[in-house]
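First the structure, in the form of structure tokens, and then the observations on it.
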Amino acid sequence: MSESLDRQRMACWRAYIESSQRLFTQLEDDLRADSELTFADYHVLVLLSEAPGQRLRMGELASRLVFSPSRLTYQITTMQKRGLVAREACPVDRRGSEAVLTAAGLLALREAAPHHLRSVRTHLMDDLDDTEVACLTRVFERLGRRLRADRDASVTPSE
């Protein structure tokens with residue numbers, strides 16, 4: 001029975017990875033066609049727009065994006081040339097730097113967001129088969145349970 005369960009799990013994860021790769025490739029194409037942003041550009045802008053003061057230390061941004069420092073430096077430099085972000089010295093750590101959202105970056109994000117959300121919904125509904133939808137549903141349910149458990153564990157009971 002354990003072997004069968006392991007095979008099912010492996011098949012589920014394989015379907016998840018394959019469908020995710022296909023989905024993200026299509027989302028990247030749609031995002032570029034609608035807004036000339038890459039998927040990485042879009043996520044950098046989203047993270048900066050949600051950060052206090054619309055700025056984040058480069059290390060924190062890299063960890064949230066799961067980027068290597070060199071990949072993030074390249075990404076921010078490219079976005080800087082296009083006027084989407086600025087790079088400033090970090091007031092807390094003189095050796096560090098922060099990425100800062102510019103007005104042009106915020107405008108690009110606002111213009112891209114509706115297209116991106118529409119595209120995500122379209123591809124989730126149209127491009128995934130029933131097996132992939134079932135697999136993604138199980139993965140997200142499991143993730144939701146884990147996040148709720150972590151949140152509940154971090155809340156201290158009041159006396």
**Study point:** Inter-residue atom distance L72.CG - R64.CZ, 0.5 Å rounding
**Key:** 12.5 Å

Check your understanding: Taking the side chain as C-beta and beyond, is there a heavy-atom pair between R71 and L65 under 4.5 Å?
Key -> no

Practice item. Kindly compute the distance separating CZ (R82) from OG1 (T102), expressed to the nearest 0.5 Å. Key: 10.5 Å

Review point. Please walk me through it: do Q75 and T38 pass side chain to side chain contact (heavy atoms under 4.5 Å, CB included)?
Key: CA-CA 10 Å; Q75 183 70 37; T38 66; 4.0 Å; yes

Review point. Roughly how far, to the nearest 0.5 Å, is the CG atom of D41 from the CG atom of L84?
Key: 6.5 Å

Review point. Who pairs with R87 by side-chain hydrogen bond (donor to acceptor under 3.5 Å, both in side chains), at least two apart in sequence or on another chain?
Key: S97

Practice item. Please state whether the rings of F39 and Y42 are parallel, tilted or perpendicular, taking 30° and 60° as the class boundaries. Key: parallel

Review point. Shared ILVMFWY cluster between V100 and I76, side chains joined below 4.5 angstrom?
Key: no

Practice item. Might you confirm whether atom CZ of R110 has over 12 heavy atoms from other residues, nucleotides or ligands at distances under 6.0 Å? Key: no

Check your understanding: For the residue pair L37 and A108, what are the closest heavy atoms and their distance?
Key -> CD1-O, 4.0 Å

Review point. If you round to the nearest 0.5 Å, how far is NE2 of H43 from CG of L48?
Key: 13.0 Å

Exercise for review: Evaluate the side-chain proximity of M79 to L45: yes if any heavy-atom separation is below 4.5 Å, no if none is.
Suggested key: yes

**Study point:** Heavy-atom pair of closest approach, residues G83 and A104
**Key:** O-CB, 3.4 Å

Review point. To the nearest 0.5 Å, how far apart are CZ in R55 and CG in L47?
Key: 15.5 Å

**Study point:** Crowding at CD, E36 (>12 non-hydrogen neighbours, <6.0 Å)
**Key:** no

